[in-house]
Number of protein chains: 2
Amino acid sequence: MGSVTLKDLSKQLNLSPSTVSRALNDHPAISLTTKERVQKLAAELKYQPNQLARGLHKKRTQIIGVIVPEIRHDFFSAVISGIEEIMYKAGFTIMVCQSMEDSQREIETLEAMLAHQISGLLISVSENTKNSLPFISVLERGYPIVFFDRVIENINASCVVVDDFDGAFQAVEHLIQSGYRDIAYIGGPKNLNIQRKRLHGYRTALKKNSISINRDWIVSTGLNEKDGIWGAQELFKVEKRPRAIFCINDPVATGVYSVVQEKGLSIPDDVAVIGFTDDPIVRLLNPPLSTISQPKVEMGKSAARLLLEQINHTETEFVPRVVTLKTKLIVRKST
Amino acid sequence: MGSVTLKDLSKQLNLSPSTVSRALNDHPAISLTTKERVQKLAAELKYQPNQLARGLHKKRTQIIGVIVPEIRHDFFSAVISGIEEIMYKAGFTIMVCQSMEDSQREIETLEAMLAHQISGLLISVSENTKNSLPFISVLERGYPIVFFDRVIENINASCVVVDDFDGAFQAVEHLIQSGYRDIAYIGGPKNLNIQRKRLHGYRTALKKNSISINRDWIVSTGLNEKDGIWGAQELFKVEKRPRAIFCINDPVATGVYSVVQEKGLSIPDDVAVIGFTDDPIVRLLNPPLSTISQPKVEMGKSAARLLLEQINHTETEFVPRVVTLKTKLIVRKST
DNA sequence: CTGTTAGCGCATTCAT
DNA sequence: ATGAATGCGCTAACAG
């Protein structure tokens, strides 16, 4: 309601609103004395500039949009936490939406954010996002976007990813070093960069070790526990069962665990399993899951910094950057 | 940039901006034909009303503020997920900030949200929030607040909680039924309602069963794993060691686990442990933790609905409501 | 049923 | 160094 405005201040100080505005924004052409008078009163009255009025004028707010598939995933909540940390320090607030893995909802929610004149967008796309046109359109309308983890490639925007190829390569190489040669892969939707890169890492590790690739041992599904269950069941239908399974992520690996245990088989004696991400729960699985850890919070911070740079250097011509963070192999008892 | 405005539409249709505005908002005094013409063109041009302009006029936006101690806690990310789900369907977006358990930052971030003219606030306060004045001030300025889980009492606002007293009572009653009589409690900061209620439940269960209360077995600390470690160490210094420990929440219980195991003791043979919340990881602990489960997503949905009601019925006089959700005792192997 | 006018609070251009 | 005037895009009171 009755929050104090520029006009209120100007009346009390016998100054014009414009002078007050300038004083508050540290305009060079304002005398030190009036600046001090103004800032003192503003502090006393706890003046807070109305961000809507400010944004309406500037055509941009101090709000950043963040869209993730689901907030309630340790990976995404960790990334959001990192984003919030950086943005808070930079004086921005974040608007958070979840696509619920639905590309339609993703676009709707994005449009809603644009209507609020966000200054930029941080997004990890849904598992069925195939069309890059909406994002290209957003970029063309002048809104900066930084993609993270699940990114859209071949687009004029920066992104932050981990070295998915290398992570997958390390995982499979580790399996091979541990003596396994019959190695399967349970992956995700083919439109996702993380799927393509991790599959590529898997294939490359096998080839490098002169292990032929068995098409029956590569299955493509979703990214959740239920998909891991489905994937493991598929693999177990194959005539020759694999001896080790590399999973695109930890939830899928968790699904594999339940199928293996239901069949009365043992991990790693009958089947070794390795995941990707290092969710907090997987070290508590029985046996603890070997996996590839990703720097989640750091990914959020890094993406946030990239976006801030882009917002602040709108003059200099924009060159999209790709920040690739390192993964780390974590060996536990499942391999 | 060049997004289409009301004026653009009005020019193309040879109508005044106000007519177009009314047509879009389904004003009763507009003919069906013009409504259709307007809505058709708006759809074609993908017109999106500028929410800043709209909000500037109405003094309220379609944004809801959400403040939690830390996003990266399963409990809070689950609640946020529930909030987002309801708010999305109601046409609101959410602005999310974390206080990082710092009441100073909590207020700062709240003021930033108010400057963005949020329509309401959903908050679970930080562990060192003691001063209710800032919140009273916000309410007086006309912004509705709904508190959840960690609430401020004696304030003219609605809230959503679980029956903390009953949950704690059930937990301790369960310990007693299982044959334990030497039962300790590791709690949190005294200013928090959840601490007071759960402690009260603990005491009541003991009294009801004619078990005398041992002050040495009640420790008050924080809400994280490290606090559980500290709390357990304190309890183990006491001459007569308790045989069971009720912890204010699961992270604290997890801390207790590590101390017990470090001392070479066994759960539940040497010490039984029960938590509160049912975080996803605790069923995987060794042994799986008995706990009191809370309906997290439902808590978020419920709080969101409460806030929406309040936003929509601003005419009818406001009567604060307290929604109390049920908890459930989950018995695993730790008790 | 529709148009005109004004104003939300701020930043900025143009005066002085 | 400061003030006056203007407009961002929308809605609503007031006219007709």
Side-chain angles (χ1 to χ4, degrees), chain A residues 1-39 41-42 45-63 111-112 114-119 141-142, chain B residues 1-39 41-42 45-63 111-112 114-119 141-142:
Chain A
M1 278 295 300
S3 41
V4 328
T5 70
L6 271 188
K7 220 181 4 181
D8 299 335
L9 294 183
S10 69
K11 271 185 197 149
Q12 288 204 37
L13 294 162
N14 268 351
L15 287 170
S16 75
S18 26
T19 305
V20 176
S21 168
R22 283 186 278 241
L24 256 16
N25 291 311
D26 209 39
H27 190 103
I30 298 288
S31 76
L32 204 67
T33 38
T34 50
K35 264 187 200 168
E36 280 169 356
R37 278 182 67 214
V38 171
Q39 284 166 0
L41 186 67
L45 300 181
K46 294 187 182 163
Y47 167 75
Q48 291 276 103
N50 181 321
Q51 297 292 342
L52 297 189
R54 184 174 229 267
L56 182 58
H57 184 94
K58 296 210 161 197
K59 292 171 173 300
R60 280 297 182 277
T61 56
Q62 297 287 99
I63 305 177
E111 289 298 337
L114 297 183
H116 284 287
Q117 312 292 112
I118 54 170
S119 280
R141 283 187 264 165
Chain B
M1 279 296 301
S3 42
V4 326
T5 70
L6 270 189
K7 218 178 9 177
D8 298 336
L9 295 183
S10 69
K11 271 186 196 149
Q12 288 203 37
L13 293 162
N14 267 352
L15 287 169
S16 75
S18 31
T19 306
V20 175
S21 168
R22 284 187 276 243
L24 256 16
N25 291 313
D26 210 37
H27 189 104
I30 298 287
S31 78
L32 205 66
T33 37
T34 48
K35 264 187 199 167
E36 279 170 357
R37 279 181 66 213
V38 171
Q39 284 166 1
L41 186 67
L45 268 43
K46 295 189 181 159
Y47 167 74
Q48 292 276 103
N50 181 322
Q51 298 292 344
L52 298 189
R54 185 174 229 266
L56 182 59
H57 184 92
K58 298 210 161 198
K59 293 171 174 298
R60 281 297 183 277
T61 54
Q62 296 289 99
I63 304 177
E111 289 297 337
L114 297 183
H116 284 287
Q117 312 292 111
I118 54 170
S119 280
R141 284 187 265 166

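So that the names make sense, note that chain A is the first sequence line, chain B the second, and so on, each numbered from 1. Keep in mind the model is a prediction, meaning the values are calculated, not measured. Values reported hereafter were calculated over all heavy atoms of this structure, with side chains retained and with hydrogens, waters and symmetry mates removed.
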Nucleotide by nucleotide, nucleotides 11-16 of chain C touches protein heavy atoms under 4.0 Å in the pattern (B base, S sugar-phosphate only, - none) BBB---
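- Contacts of B/Ser119 classified as side chain to side chain contact (heavy atoms under 4.5 Å, CB included), with partners at least two apart in sequence or in another chain: B/Arg60, B/Ile64, B/Phe92, B/Ile311.
- Pairs of residues two or more places apart, or lying in two chains, never qualify as salt bridge (Lys or Arg N to Asp or Glu O under 4.0 Å) while including a residue from residues 48-57 of chain B.
- Scored by the side chain to side chain contact (heavy atoms under 4.5 Å, CB included) test, A/Glu36 finds A/Leu32 as partners (sequence neighbours excluded).
- Remark: B/Lys35 pairs with B/Asp26 by the salt bridge (charged side-chain N to carboxylate O under 4.0 Å, His left out) rule, at least two apart or across chains.
- Among all heavy-atom pairs drawn from B/Leu9 and B/Tyr47, the shortest one is CD1-CG, 3.8 Å.
- With sequence neighbours excluded, the residues that form a side chain to side chain donor-acceptor pair (under 3.5 Å) with A/Ser18 are A/Ser16.
- Phosphate contact (OP1/OP2 of C/dC1, side-chain N/O of B/Lys35, threshold under 4.0 Å): absent.
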Chi angles and distances behind the side-chain contact (heavy atoms from CB on, under 4.5 Å) call for B/Thr61, B/His116: CA-CA 8 Å; B/Thr61 54; B/His116 284 287; over 6 Å; no
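- Nucleotides of DNA chain D with any atom under 4.0 Å from a heavy atom of chain B span, from 5' to 3', D/dG9 to D/dA13.
- As a whole-Å value, the separation of A/Arg60 CZ from C/dC10 C1' is 17 Å.
- Atom CD in A/Gln117 sits about 16 Å away from atom C1' in C/dG9, given to the nearest Å.
- A/Leu52 comes within 4.0 angstrom of no nucleic acid atom, judged by non-hydrogen atoms across all strands.
- Considering only residues two or more places apart in sequence or on other chains, A/Ala53 meets the side chain to side chain contact (heavy atoms under 4.5 Å, CB included) condition with A/Asn50, B/Leu56.
- Considering only residues two or more places apart in sequence or on other chains, A/Asn14 meets the side chain to side chain contact (heavy atoms under 4.5 Å, CB included) condition with none of them.
- When the side chain to side chain donor-acceptor pair (under 3.5 Å) test is applied to B/Thr34, the partners found at least two apart in sequence or on another chain are B/Ser31.
- We find that CG of A/Leu24 is positioned 16 Å from P of C/dG9, with the value rounded to whole Å.
- Partners of A/Glu111 according to the salt bridge (charged side-chain N to carboxylate O under 4.0 Å, His left out) rule, which considers only residues two or more places apart in sequence or in another chain, are A/Arg141.
- Summary for the helix from C/dC1-D/dG16 to C/dT16-D/dA1: the axes at its two ends, each from 5 pairs, differ by 40° when rounded to the nearest 10 degrees.
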